[in-house]
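Computed from heavy atoms alone, side chains included, the values below leave out hydrogens, waters and symmetry copies.
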Amino acid sequence: MTTTASTSADPAISAVHAFYAALGSGDIPAALARLGDTVTWHEAPGMPYQGPEPYHGAQQVAEHVLAPITTDIDGLTLTNREVLGLGTTVAVLGSYAGTAPRSGRPLTLPYLHVWTVIDDHITEFRQYTNTAAYRATLS
């Protein structure tokens with residue numbers, strides 16, 4: 001999984017960039033360490049990784065989101081186009097790309113990720129994307 005990110009002097013933005021950078025370099029343990037045990041993770045309604053409730057803690061995110069998505073999408077990349085710092089909230093506009101090996105279809109899909117960062121710790125993640133298009137890519 002790769003991602004593009006830049007650096008910032010804003011601590012909330014820096015924490016989010018560090019998460020994307022860890023994902024982009026394939027360092028999943030470092031990405032999960034940025035989340036910690038207290039993160040609340042909301043997958044977009046309709047995503048195949050959505051649970052009956054938000055996930056809590058890095059272990060649940062690893063098990064229910066990151067592991068399955070890397071199986072479902074080969075060469076997954078996240079390209080952040082705009083990062084907006086709004087105090088403890090960071091909004092990231094970007095796009096997913098990759099290929100679904102089961103269908104052979106390419107994935108090109110925009111996203112909005114909204115992060116909450118308190119005292120340099122990521123405490124919440126919310127994903128917004130076209131879940132119908134994502135599911136169609138998989139099938």
**Q** Side-chain donor-acceptor pairs under 3.5 Å in residues 132-139, sequence neighbours left out?
**A**
from	atom 1	to	atom 2	distance (Å)
Tyr134	OH	Tyr49	OH	2.6
Arg135	NE	Gly46	O	2.5
Arg135	NH2	Gly46	O	3.2
Thr137	OG1	Ala133	O	3.0
Ser139	OG	Arg135	O	3.4
Ser139	OG	Ala136	O	3.4

**Q** Whether the Arg105 and Thr99 side chains hold a donor-acceptor pair (N or O, under 3.5 Å, no angle test) is what I'd like checked.
**A** no
**Q** Should Ile28 and Leu66 count as side-chain neighbours, where that means a heavy-atom distance under 4.5 Å?
**A** yes
**Q** Where the side chain of His17 meets the backbone of Ala15, is there a donor-acceptor pair that is under 3.5 Å apart?
**A**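 Looks like no, no N/O pair under 3.5 Å.
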**Q** Within the 4.5 Å heavy-atom criterion, are Thr40 and Tyr55 side-chain neighbours or not?
**A**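 SC-SC contact between Thr40 and Tyr55 ruled out.
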**Q** If you group Ile, Leu, Val, Met, Phe, Trp and Tyr whenever their side-chain heavy atoms sit less than 4.5 Å apart, what else falls in with Leu93?
**A** Leu112, Val114, Tyr128
**Q** Which heavy atom of Arg34 sits nearest a heavy atom of Ala18, and at what distance?
**A**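 Arg34 and Ala18 have their closest heavy atoms at NE-CB, 3.4 Å.
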**Q** Indicate the atoms forming the closest heavy-atom contact of Ile73 with Gly98, along with that distance.
**A**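 Heavy atoms only, the tightest pair is CG2-CA, 3.8 Å.
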**Q** Show the nearest heavy-atom pair for residues Ala62 and Pro68, with the distance to one decimal.
**A**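 Nearest heavy atoms, Ala62 then Pro68: O-CD, 4.3 Å.
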**Q** Measure the spacing between OG1 of Thr88 and CD1 of Ile122 and express it to the nearest 0.5 Å.
**A** 12.5 Å
**Q** Check the side chains of His42 and Gln127 for a donor-acceptor pair under 3.5 angstrom, ignoring hydrogens and angles.
**A**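 Side-chain D/A pair, Gln127 to His42: absent.
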**Q** State, to 0.1 Å, how close Pro101 and Asp74 come at their nearest heavy-atom pair, and which atoms those are.
**A**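 Reported closest heavy-atom pair: CB-OD2, 3.4 Å.
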**Q** Let's go through Phe125 and Thr116 carefully: what are the C-alpha distance in whole Å and the side-chain angles of both, what is the deciding distance for side-chain contact (heavy atoms from CB on, under 4.5 Å) to 0.1 Å, and is it a yes or a no?
**A** CA-CA 7 Å; Phe125 168 84; Thr116 303; over 6 Å; no
**Q** Looking at every non-hydrogen atom in both residues, tell me the closest pair between Ala22 and Ala31 and how far apart they are.
**A** CB-N, 3.4 Å
**Q** Does atom NE2 (His56) have a neighbourhood of more than 12 heavy atoms from anything else shown, all under 6.0 Å?
**A**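 It does: His56 NE2 has more than 12 such atoms within range.
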**Q** Under 3.5 Å, is there a donor-acceptor pair between the side chain of Thr131 and the main chain of Pro45?
**A** yes
**Q** Apply side-chain contact (heavy atoms from CB on, under 4.5 Å) to residues Val92 and Tyr111 and explain how you reach the verdict.
**A** CA-CA 8 Å; Val92 180; Tyr111 61 73; 4.2 Å; yes
**Q** Report yes if some heavy atom in the side chain of Met47 is under 4.5 Å from a heavy atom in the side chain of Thr129; otherwise report no.
**A**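 Result yes, sub-4.5 Å side-chain heavy-atom pair found.
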**Q** Passes side-chain contact (heavy atoms from CB on, under 4.5 Å), Asn80 versus Tyr20? Steps please.
**A** CA-CA 9 Å; Asn80 297 333; Tyr20 286 114; 3.3 Å; yes
**Q** Of all heavy-atom pairs between Asp119 and His121, which one has the smallest distance, and what is that distance?
**A** O-ND1, 2.8 Å
**Q** Compare all side-chain heavy atoms of Val117 with those of Ile13 and state whether any distance is below 4.5 angstrom.
**A**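 A side-chain contact under 4.5 Å is absent here.
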**Q** Please answer whether the main-chain N or O of Ile118 pairs with a side-chain N or O of Thr123 as donor and acceptor at a distance below 3.5 Å.
**A**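 Pair absent, no side-chain N/O of Thr123 close to backbone of Ile118.
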**Q** Evaluate side-chain contact (heavy atoms from CB on, under 4.5 Å) for His113 paired with Phe19, printing each intermediate quantity in order.
**A** CA-CA 12 Å; His113 293 164; Phe19 176 83; over 6 Å; no
